[in-house]
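Accompanying notes for the structure given below.
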Amino acid sequence: MTVNLNRAEFLRSAAKSADFIRDGRAQIVFAGKSNVGKSSVINRLLNRRNFARVGSQPGKTIHVNYFDIDGKCLFVDLPGYGYAAVSKAERDRWARLMEDYFAESGRISLGVHIVDARHKPTGDDVTMAEWFKASGRPFVVVANKCDKISKTAAAANIALIRETLGLAEEVKIIAFSAEKGDGRGELTGEILARL
C-alpha cells in the first residue's frame, strides 16, 4: 500500500476507552517518556514542523491522540509517561487509559517505542516495552537524539537498550534523530511494511 505521509490530519483526543477509534484501519502506535521527543519524531515522519504538539514542558500529551494519515491508517500518540511534575491521580488516570488501550488485542499494527539514545532505559521504559511484548504485536524501538552523542557511544547505548528492555533479536532498534532526520527512512519503511 502506498501512503502519502504528508497528508495528515488530527482526528480526535480520547480521554476514555469509549472515545477510542475502532474503524479497522491500521494503527501505528507511538509511546515514550514525556521528554523523549515523541511529538518531534512524529513531526519528522510527517515532514511537519509543529503538527503533533511539541511542548516546552514534558507531559503535554495527556490523552490518546489520533491522526489520520492519507485516509489509510492512523498514527496513535499515547500519553507520555514518567513525568514527575503531575499529580499521582493524573498519572494513575494515564496508566488506566494506556491499560485500556492495550487491553483490546489486535488494535496495534506496529508499536513505535521511543527511548533516549543517550541514556539507559528507565523502569518506566521497561514497563512500556513489556506492554508492547504482551500485546503480541510487532514493534520497533526508536533510539531518539542519537545526534547528541558520538556514533561509538550510540552503538554502545543501543546494545544497552536492547539488554535493559530484554528485546529479542528480531525487535529492531532504529538510531534516530528527530532534529536531523537520521533513521526516518528506516522507520518509514517499517511502518509501510505493516499497512
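Every pair passing ring pair (Phe, Tyr, Trp, His ring centres under 6.0 Å) that includes a residue from residues 19-44 is listed here, sequence neighbours excluded: Phe20-Tyr101, Phe30-Phe75. For residues 160-172, every residue pair satisfying the side chain to side chain donor-acceptor pair (under 3.5 Å) rule, not counting sequence neighbours, is listed here: Lys172-Glu190. Applying the ring pair (Phe, Tyr, Trp, His ring centres under 6.0 Å) rule to pairs touching residues 133-163 yields Phe132-Phe139, sequence neighbours excluded.
Contact between Cys146 and Ala175 at its shortest, heavy atoms only, is SG-C, 3.9 Å. Residues Ile21 and Arg12 approach most closely at CG1-NH1, 3.5 Å, considering heavy atoms. When all heavy atoms are compared, the tightest approach of Cys73 to Leu195 is CB-CD2, 3.8 Å. Closest approach of Ile174 and Gly183 over heavy atoms only: CG2-O, 3.9 Å. Between Gly80 and Lys38, the closest heavy-atom pair is N-NZ, 4.0 Å. Considering every non-hydrogen atom in both Ala14 and Leu97, the closest pair reads O-CD2, 3.8 Å.
Remark: Lys16 engages Asp19 in a salt bridge (Lys or Arg N to Asp or Glu O under 4.0 Å) (not counting sequence neighbours). The side chain to side chain donor-acceptor pair (under 3.5 Å) search around Ser17 returns Arg22, not counting sequence neighbours. Residues satisfying the side chain to side chain contact (heavy atoms under 4.5 Å, CB included) test with Arg118, not counting sequence neighbours, are Asp116, Lys145, Lys148, Ile149. With sequence neighbours left out, Ala193 forms a side chain to side chain contact (heavy atoms under 4.5 Å, CB included) with no residue at all. In this structure Ser150 satisfies the side chain to side chain contact (heavy atoms under 4.5 Å, CB included) test together with Thr152, Ala153, sequence neighbours excluded. For Glu130, the salt bridge (Lys or Arg N to Asp or Glu O under 4.0 Å) partners two or more places apart in sequence, or in a different chain, are Lys133. Listed by chain and residue number, Asp125 satisfy the side chain to side chain donor-acceptor pair (under 3.5 Å) test with Thr122 (two or more places apart in sequence, or in another chain). With sequence neighbours left out, the side chain to side chain contact (heavy atoms under 4.5 Å, CB included) criterion links Asp147 to Ser177, Glu179, Lys180.
Using a 4.5 Å heavy-atom threshold, the side chains of Pro79 and Val64 count as touching. Residues Glu186 and Phe176 have side chains not in contact (no heavy-atom distance under 4.5 Å, counting atoms from C-beta outward). Under the 4.5 Å side-chain criterion, counting only non-hydrogen atoms from C-beta, Ile173 is not in contact with Leu165. Annotation: side chain of Asn157 is not in contact with side chain of His119 (no heavy-atom distance under 4.5 Å). Proximity of Met128 to Met98: side-chain heavy atoms (C-beta onward) are separated by under 4.5 Å at one or more points.
Remark: the backbone N or O of Gln27 is not paired with any side-chain donor or acceptor of Arg107 at under 3.5 angstrom.
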Q: Could you give me the CA-CA distance, side-chain angles and deciding distance for Asp68 and Arg25, then say whether side-chain contact (heavy atoms from CB on, under 4.5 Å) is met?
A: CA-CA 10 Å; Asp68 175 278; Arg25 276 188 287 172; 2.4 Å; yes

Q: Test side-chain contact (heavy atoms from CB on, under 4.5 Å) on Phe102 and Arg137 and set out the steps.
A: CA-CA 10 Å; Phe102 277 88; Arg137 306 299 295 161; over 6 Å; no

Q. Taking it one step at a time, do Ile28 and Ile69 satisfy side-chain contact (heavy atoms from CB on, under 4.5 Å)?
A. CA-CA 10 Å; Ile28 310 302; Ile69 309 299; over 6 Å; no

Please tabulate, for the side chains in residues 4-11, all donor-acceptor contacts under 3.5 angstrom to protein atoms that are two or more places apart in sequence or on a different chain.
| residue | atom | partner | partner atom | Å |
| --- | --- | --- | --- | --- |
| Asn4 | OD1 | Asn6 | N | 2.9 |
| Asn6 | OD1 | Asn47 | ND2 | 3.3 |
| Arg7 | NH1 | Asp70 | OD1 | 2.7 |

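Atom CZ of Phe67 and atom CG of Leu45 lie 12.0 Å apart (nearest 0.5 Å).
A continuous path of Ile, Leu, Val, Met, Phe, Trp and Tyr side chains, each step under 4.5 Å between heavy atoms, connects Ile158 with Val126, placing both in one hydrophobic cluster.
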